[in-house]
Structures are given as C-alpha cells and as structure tokens.
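Please read the structure below before turning to the comments.
Note that the numbering runs from 1 along the sequence shown for the chain.
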Amino acid sequence: MPSLPYKSLTDYNYPLFSTQFLNVSDASPPSSPPPNRNLSCRITSQSMSCSSETPLPTLRTVTIPYYELKDKDADLSLKIEEGFGPNGLGILSITDVPEFPSLRRNLLCLSSRLAALPEDVKKELEDPQSRYNFGWSHGKEQLESGKPDLLKGSFYANPLIDVPTNDTYLIQRYPSYCGANIWPLAALPELEVAFKALGKLIFDVGLMVAYHCDQYVSRGMKMQKDEGLEEILLRSRCHKGRLLYYFPAQLSNHEENGDSMSSWCGWHTDHGSLTGLTCAMFKRNDVEISCPDSAAGLYIRTRSGEIVKATFGENEIAYQIGETTEILSQGYLCATPHGVRAPKGKEASVVDRSTFALFMQPDWDEKLNFLFNCRDEKLKFSEDVYIHKEVCSL
C-alpha cells in the first residue's frame with residue numbers, strides 16, 4: 001500500500017480546468033463492494049457544455065438537520081450515501097446551523113467593499129509568491145477560453161491559523177499552503193473577524209459531516225481510526241477559505257457568455273477532501289435581490305453524464321466531496337465535476353454576486369494510503385473510482 005505525501009494539483013502546475021478522469025461504471029454500495037478491475041483513462045473535461053435551449057433538471061440537495069448531524073449515535077448512512085455515494089450528486093447540505101445566517105450575511109456583505117478598495121491597497125494584499133493563494137486575486141486565473149478571468153475577484157485566507165509555519169523551507173516548498181494570511185487591517189479591519197468566524201463555523205460543521213462519512217465508509221472497507229476523513233481534517237494546518245465577488249456585468253457581457261453552463265466558474269472537480277459552500281448573495285446597486293435568472297447557479301455532471309442544476313437554501317451550508325476523499329474511500333464517497341452559470345438577460349445586468357467556500361484538505365505532510373498500483377497510463381484499483389490520472393506523478 002503506497003504512502004504518499006499530500007500534494008495539490010497546483011504543485012504540478014496542471015491547468016485547473018483540463019482535469020483528466022478515469023471513468024468507470026457506478027460502484028456498489030458499501031454492503032456489496034465492487035470487484036477489482038483495471039481502468040483506463042478517458043478525458044471528461046471541457047466537453048461538458050449544453051445549449052441554453054435544452055431544458056435541464058433541477059435537483060434539491062440531500063439535507064441533514066444540524067440536530068441530527070451533531071448526534072454521533074445517529075445513523076446517517078442512508079443520507080450520506082444518497083448525497084455522496086456512487087449514485088449521488090457529490091453534495092449535501094446542513095440545515096438549521098446556529099448563527100450561520102448572520103455570519104454568512106456579515107461576510108458576504110463585505111465582498112463588494114473589498115473589491116471597491118483603491119487599486120494600490122488591493123495590490124498590497126496580493127501575494128505572488130503563493131501563486132495568489134493568499135490575499136487578493138483578480139485576473140490571475142484563466143477562463144476555459146484561455147482568457148484572464150476578470151469576471152470575479154477572490155480573497156484567500158486560512159480562517160483557522162494565521163501563520164501555519166515559520167519554517168522557511170516549507171514556505172518556499174509549499175507556498176500555497178504554508179504562507180501567512182494577509183489582512184486589510186487598516187482599510188477593512190472587519191474582514192478578518194467576519195472571515196474567521198464564518199470559516200471556523202463551516203469547518204466545525206464539516207468535521208461533523210466527516211465523522212458520519214467515516215461511519216458510512218467503515219461499513220464497506222477496513223480503515224484505521226487515524227486514516228479517517230475527520231482525523232485527516234483535524235490534523236491539517238492548510239485549510240483555505242475563499243471569498244468570491246463576481247463583478248456586475250453589462251447586458252452585452254451576459255449575452256456573450258450566457259449560453260455556457262460554466263460562464264461564471266469553469267468546469268472542475270475539487271481536488272481536496274471536503275468543500276463547504278454558502279448560497280450566493282445577489283445585489284443590484286448595493287440592494288440585495290433574489291437571483292434574476294432561474295437558470296443561473298451551480299451545475300453538476302452526474303456519474304451517468306447528465307448535467308443537472310443543484311440547489312440548496314440560503315441558510316444552509318452545502319458540502320461537496322473532493323477527489324482526495326474519493327480516492328481514500330475507494331469510491332464510496334464520490335466527487336463530481338461542477339461549474340457555475342451566470343445569469344443572463346436584461347434583469348441580470350449590473351447585478352453582482354458574492355459567495356464563500358472553505359476548502360478542507362490534508363496537511364502538506366500528511367501521508368495518504370492509496371490502495372492501488374500505478375503503471376504508466378493505466379491504474380489498477382481495488383474498487384471502482386473516478387480519479388485524476390496525474391496521481392501517477394506523485
């Protein structure tokens with residue numbers, strides 16, 4: 001069983017939206033593990049588009065009430081399987097989390113103020129050494145077309161630890177994880193407080209989700225206690241929060257990109273362990289409104305290849321499985337490609353969007369046990385699973 005240190009795909013300079021997957025049929029539930037087989041690679045990335053004229057189904061995420069989630073004696077395996085299992089969307093949401101609605105609103109309302117800061121102030125918040133994975137980032141990423149992404153600005157920080165390490169070697173070796181937070185202490189001091197408060201809450205609830213994921217997975221495979229998702233996340237020092245602000249666009253911009261299912265965020269699969277998401281907040285002229293286009297939002301590509309729109313409530317925290325967890329769980333928990341479609345039409349002009357995501361991932365020196373052998377372009381797995389082909393390079 002290989003034991004490999006955790007590395008993000010960014011450590012290998014792979015394009016974010018040219019992910020390669022190994023595609024096989026749906027795995028069986030934990031009560032009946034699928035047989036071993038050899039798998040070969042199939043590209044499933046940038047072909048995921050759909051005409052705006054094609055009606056697409058809208059599916060509500062599986063929901064778990066917070067009072068059930070915090071009960072360690074509760075059996076949530078059916079809901080975990082329904083949301084995260086081989087036939088699920090790779091997403092579920094938690095309802096009725098205390099304090100979440102106010103913490104969400106406090107942070108998301110600051111995104112437009114952050115984006116409106118003077119350019120010289122935002123320049124001081126940039127961190128090229130971390131590949132702009134700390135502080136302010138705008139125009140540093142690429143859209144699927146290859147053009148710079150000027151549609152949104154991002155602010156990255158670790159909501160749990162300001163300085164993960166003082167080791168110079170580690171900071172140089174893993175700049176995206178080991179760097180220090182950069183806060184606009186003079187220009188927008190309330191950002192740090194709001195960012196940390198929401199990030200910590202989403203992390204704490206995420207640990208509860210991870211606990212029940214471990215209970216579900218342990219029914220189908222042998223797993224040491226310290227190898228479970230909950231323990232991996234507890235040990236990690238490099239969780240990353242991302243506050244996103246989508247700038248208001250003119251009608252012409254929306255019409256130009258509106259047919260794409262990923263016009264606001266390109267198709268990708270999260271490479272970490274577990275991602276916590278807030279529902280987006282929309283504003284026009286600084287006044288909060290509902291989403292002006294019912295077709296806009298989060299789209300997911302299912303295991304059968306169907307593209308569906310996934311919805312969850314504004315007072316719910318959604319969680320998505322990342323590919324690292326899919327690999328370690330031998331496919332019992334499944335990650336899915338997803339993208340965000342921008343609103344279009346006259347009503348969508350001059351509307352901005354704010355949201356927040358917390359990427360929970362293993363520590364930079366976490367040793368991960370993979371139950372497969374790697375041979376050139378083909379991988380031999382102990383279970384059916386989707387996986388990045390580039391894991392061979394580790």
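In this structure, the separation between CD1 on I321 and CG on L89 is 12.5 Å, given to the nearest 0.5 Å. Annotation: the span from D167 atom CG to C178 atom SG amounts to 8.0 Å, rounded to 0.5 Å. In this structure, L160 CG and C238 SG are separated by 10.5 Å, a value rounded to the nearest 0.5 Å. To the nearest 0.5 angstrom, L198 atom CG is 5.5 Å from L107 atom CG. To the nearest 0.5 angstrom, L274 atom CG is 10.5 Å from I202 atom CD1. Interatomic distance, OG1 of T61 versus CD1 of I300, reported as 9.0 Å (0.5 Å rounding).
Residues R353 and M281 form no side-chain contact, since every pair of their non-hydrogen atoms from C-beta on lies 4.5 Å or further apart. Side-chain contact between L368 and T324: present, with at least one pair of heavy atoms (C-beta onward) separated by less than 4.5 Å. In this structure the side chain of M360 never reaches within 4.5 angstrom of the side chain of S236, judged on heavy atoms. The side-chain heavy atoms of L358 and F203, taken from C-beta on, include a pair separated by under 4.5 Å. Using a 4.5 Å heavy-atom cutoff, the side chains of K196 and D162 are in contact. For the pair N133 and K240, the minimum side-chain heavy-atom distance is below 4.5 Å. Side-chain contact check for E326 versus L333: every heavy-atom pair is 4.5 Å or farther apart. The side-chain heavy atoms of E227 and L328, taken from C-beta on, include no pair separated by under 4.5 Å.
Sparse packing is recorded around CD of Q129, with 12 or fewer heavy atoms of other residues, nucleotides or ligands lying under 6.0 Å away. In the displayed structure, D226 atom CG is contacted under 6.0 Å by more than 12 heavy atoms of other residues, nucleotides or ligands.
At least one donor-acceptor pair under 3.5 Å links the side chain of S329 to the backbone N or O of T325. Side chain of K309 to main chain of A296: a donor-acceptor pair is present (N/O by atom type, distance under 3.5 Å, no hydrogens or angles). The main-chain N or O of H212 is never found under 3.5 Å from a side-chain atom of D214 such that the two would form a donor-acceptor pair. Looking at E366, its side chain never comes within 3.5 Å of a backbone N or O of D363 through a donor-acceptor pair. Between the side chain of H271 and the backbone N or O of T269, no donor-acceptor pair lies under 3.5 Å.
A continuous path of ILVMFWY side-chain contacts below 4.5 Å connects V121 to L188, so both sit in one hydrophobic cluster. A continuous path of hydrophobic side-chain contacts links L191 to L185 [ILVMFWY only; heavy atoms under 4.5 Å]. Transitive grouping of hydrophobic side chains (ILVMFWY, heavy atoms separated by less than 4.5 Å) brings L234 and V205 into a common cluster. Taken together through direct or relayed side-chain contacts under 4.5 Å among Ile, Leu, Val, Met, Phe, Trp and Tyr, Y156 and W364 form parts of separate hydrophobic clusters. A single hydrophobic cluster is seen to contain both F155 and I161, as judged by linkage of ILVMFWY side chains at heavy-atom distances under 4.5 Å, directly or through other members.
Remark: K72 qualifies as a cation-pi partner of Y211 under the 6.0 Å distance and 45° angle criteria applied to the six-membered ring.
Annotation for L229 and S273: closest pair CD1-CB, 3.7 Å, computed over non-hydrogen atoms. Closest non-hydrogen pair, P159 versus G241, comes out as CD-N, 3.9 Å.
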Q.
Under the criterion side chain to side chain contact (heavy atoms under 4.5 Å, CB included), I'd like the reasoning laid out for V308 against T58: C-alpha separation, chi angles, the key distance, then a yes or no.
A. CA-CA 6 Å; V308 301; T58 296; over 6 Å; no
Q. When you look at R242 and S154, which way does the side-chain hydrogen bond (donor to acceptor under 3.5 Å, both in side chains) test go after all the steps?
A. CA-CA 6 Å; R242 182 184 187 184; S154 299; 2.9 Å; yes
(Q) Between I64 and L76, does the side chain to side chain contact (heavy atoms under 4.5 Å, CB included) criterion hold? Intermediate values first, please. (A) CA-CA 8 Å; I64 300 176; L76 301 181; 4.0 Å; yes
Q | side chain to side chain contact (heavy atoms under 4.5 Å, CB included) evaluation trace for K79 with F84 | A | CA-CA 8 Å; K79 287 199 172 183; F84 291 156; over 6 Å; no
Q: Walk me through it: do T278 and T355 pass the test side-chain hydrogen bond (donor to acceptor under 3.5 Å, both in side chains)?
A: CA-CA 6 Å; T278 70; T355 190; 3.2 Å; yes
(Q) Evaluate E306 against R301 for salt bridge (Lys or Arg N to Asp or Glu O under 4.0 Å), listing each step before the verdict. (A) CA-CA 6 Å; E306 184 181 17; R301 186 179 188 269; over 6 Å; no
Q: Applying side chain to side chain contact (heavy atoms under 4.5 Å, CB included), run through D352 and F282 and close with a yes or a no.
A: CA-CA 6 Å; D352 62 32; F282 293 86; 5.9 Å; no
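Between F359 and H239, the ring center distance fails the sub-6.0 Å criterion. Ring centers of F195 and F356: under 6.0 Å apart, within the cut-off.
Between S77 and R219, the side chains place a donor N or O and an acceptor N or O closer than 3.5 Å (distance only, hydrogens not considered). Checking N158 against N181 by side-chain atom types alone, no donor-acceptor pair falls below 3.5 Å.
Between D127 and K140 there is no salt bridge, since none of the side-chain N atoms of the basic residue sits less than 4.0 Å from a carboxylate O of the acidic one.
Just one residue in the list C291, P292, P248 forms a side-chain contact (heavy atoms from CB on, under 4.5 Å) with V351, and that residue is P292.
Residue pairs satisfying the ring pair (Phe, Tyr, Trp, His ring centres under 6.0 Å) criterion with at least one member in residues 112-139, sequence neighbours excluded, are listed as follows: H138-F247.
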